[in-house]
Amino acid sequence: TATPTTTSTTTSAPQQSTTLSTSRTTSAPPTSTTQTSSGGSTACPAIPNGLGTPVSNALNDPFTFHGGGKVSSKADWSCRQAEMSQLLQKYELGTLPGKPSSVTASFSGSTLSITVSENGKSISFSVTINNRPSGQAGPAIINYGTFGGLPIPSGVATILFNNDEIAQQQDQSSRGKGKFYDLYGSSHSAGALTAWAWGVSRIIDALELTKAQTNIDPTRIGVTGCSRNGKGAMVAGAFEPRIALTLPEESGAGGSGCWRIAAMQKSQGQNVQDATQIITENVWFSTNFNPYVNNVNSLPFDHHMLAGLIAPRPIYVMENVDMEWLGKVSTYGCMGIARKQWEALGALDKFGYSQVGGNSHCSFPSSQQSSELNAFIGKYLLNNANAGNTSIFRSTATQTFNLASWSPWTVPSLS
Ligand code: MCU
């Protein structure tokens, strides 16, 4: 067993030390209106107020700005991502705070302890790191909570994240409870999914500070969770650009499902989870979302665009074909259209959607393991270019959902 090491490192802004500070620019959420591309700084179009024109029987065009201009380059795509992030926060997920003024971390045994301070308040939480690499620094997967769990190949550490401690998720009485709200106030607009994503960002800040002790490479971090925690994994991948691989397991509605597709199914009498139900069940979303759940066609986004915040970073979405409630159709349609964002970026080898059955909810089926999950982890966390095919879009169901009619816009080729 490794000798326990303890270290404590701090970053606070402004910070002179080059070895201990985490970068404020790379960890900031994509919320600024100026994006830097290789050619320098590009001004992004201003985001007009208001919801814009409703979109019915189709998903919103990710390649047209909220103000109407076309996305025609990778620099434009970065601007559009910043815009989509702002819109999702404003109308659904609540505000994601920027990097706090101070994050400190210490590592002892297998426990990474993290303290975050902002505006004179501070909170502390810890995560457990198992199967740390020996020798060269290696990758890790952050695993939310206790539902499900993926078979993680050797060479990849796991980081156990008790997300409920950051934001509770019992039922509606959990609103504003948890360490995130101790720091930012119980009436902060962030729903639990956003608060957890903020927690993932703080874990990565801490990993940047303690790399020499943990032996975890903070540039090779994956995130996963199942069901409600799969929704969380998707939002963490979307909001945190340092996540190298996003692995949502059976996230369903509010994760890889689209609101409009669920609403259409609901209107046909199908028993699928939709926006009107989900806000009564729990506090995953901001109360900002409540006014729109009966009219999701008015929203300037759907969850294909939540996924689009990840593009072209790698994502592998696992879904269950047996349960309509979990989004048999709404996740298939949503991700089938989300995939076009990776296509536009020439990155189809970084997009996977796989919907199989025969397994109970959150018990990972072996049919997704060797040629899919291991291929994604192998290629994108273990740096094995020959790990297998990672351009995946499949369902074991016969799907009749019309992907083309629900995406009546042109997919550009962005460079
Ligand atoms: C798929 O995630 C949720 C689902 O949204 C809920 O309606 C259901 O009650 O619980 C699922 C879950 O988190 O199961 C563990």
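We count ligands from 1, going down the list as the structure has it; atoms in each ligand are counted the same way. In this chain, numbering begins with 1 at the start of the sequence shown.
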If we only count N/O pairs under 3.5 Å, is Arg228 in contact with ligand 1? yes
Need the ligand 1 atom indices (1-based, order shown) with element for anything under 4.0 Å from a heavy-atom of Phe147. 15 (C)
Residue that, paired with Asn229, satisfies side chain to side chain contact (heavy atoms under 4.5 Å, CB included) out of Val223, Asn163, Leu193: Asn163
Is Ile377 close to Leu245 at the side-chain level, that is, under 4.5 Å between some pair of heavy atoms? yes
Honestly, for Asn229 the part within reach of ligand 1 (heavy atoms, under 4.0 Å) is neither
If you scan protein heavy atoms around atom 1 (C) of ligand 1, the nearest is Ser227 OG, 2.8 Å
Mark yes when over 12 heavy atoms from residues, nucleotides or ligands other than Gln170 sit less than 6.0 Å from its CD; otherwise mark no. no
So do Ser201 and Arg242 actually touch side chain to side chain, heavy atoms under 4.5 Å? yes
Salt-bridge criterion met for Glu319 and Lys328 (N-O under 4.0 Å): no
Below 4.0 angstrom from a heavy atom of Leu326, which ligand 1 atoms are there? Numbered from 1 as shown, please. 1 (C)
Nearest non-hydrogen protein atom to atom 5 (O) of ligand 1, with distance, is Gln273 OE1, 2.5 Å
Backbone or side-chain N or O of Glu281 under 3.5 Å from ligand 1 N or O: yes
For the pair Ser85 and Gln89, evaluate side chain to side chain donor-acceptor pair (under 3.5 Å) and give the outcome as yes or no after the intermediate values. CA-CA 6 Å; Ser85 176; Gln89 289 177 58; 3.0 Å; yes
Within less than 4.0 angstrom of ligand 1, does Lys231 place any heavy atom? yes
Aromatic rings Trp409 and His304: how do their planes relate, parallel, tilted or perpendicular, breaks at 30° and 60°? parallel
Is Gly252 near ligand 1, meaning one of its heavy atoms is under 4.0 Å from it? no
Does ligand 1 come near enough to Glu250 that some N or O of the ligand is less than 3.5 Å from an N or O of the residue? no
